[in-house]
Amino acid sequence: MPAALVTGIALVDLAHLGLGLPVVGSVNFALVWLCLHQLGFAWRDGTLTRSPVTPGALALGGLAALVLLAVPGPYPVSMVGVPR
């Protein structure tokens, strides 16, 4: 389920940022929160802890994604007060 939500988030971001459709930007608010909600359930029921990927590798992957999306990518470094 979270993988499908991440795909949906990426597609909405592509439509919003890549194609210049600001109307769909609000959909990401719901998709991101739903994805985090589902990740919380996956963590709590043990699905995430059965993964062969170590927590350190997950942290490094998340940091790499953050740097790639914020520095050369479409997102600003500060997400505070970002216009829609």
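Below, each value reflects all heavy atoms present in this structure, side chains not excepted, and no hydrogens, waters or symmetry copies.
By the side-chain contact (heavy atoms from CB on, under 4.5 Å) test, Ala65 is found to be paired with no residue, residues two or more places apart in sequence or in another chain being considered.
Note on Val32 and Val27: same hydrophobic cluster, where clusters join Ile, Leu, Val, Met, Phe, Trp and Tyr whose side-chain heavy atoms are under 4.5 Å apart, directly or indirectly. Residue Leu19 is grouped with residue Val24 when hydrophobic side chains (ILVMFWY) are merged at heavy-atom distances under 4.5 angstrom, including chains of intermediate members. No continuous path of hydrophobic side-chain contacts links Phe41 to Ile9 [ILVMFWY only; heavy atoms under 4.5 Å].
The shortest non-hydrogen separation linking Gly20 to Pro22 is O-CD, 3.0 Å. For the pair Gly8 and Asn28, the tightest heavy-atom approach, listed with the atom from each and the gap, is O-OD1, 4.5 Å.
Between Leu21 and His16 there is no side-chain heavy-atom pair separated by less than 4.5 Å.
Residue Leu34 holds its CG atom at 5.0 Å from CG of Leu5, rounded to the nearest 0.5 Å.
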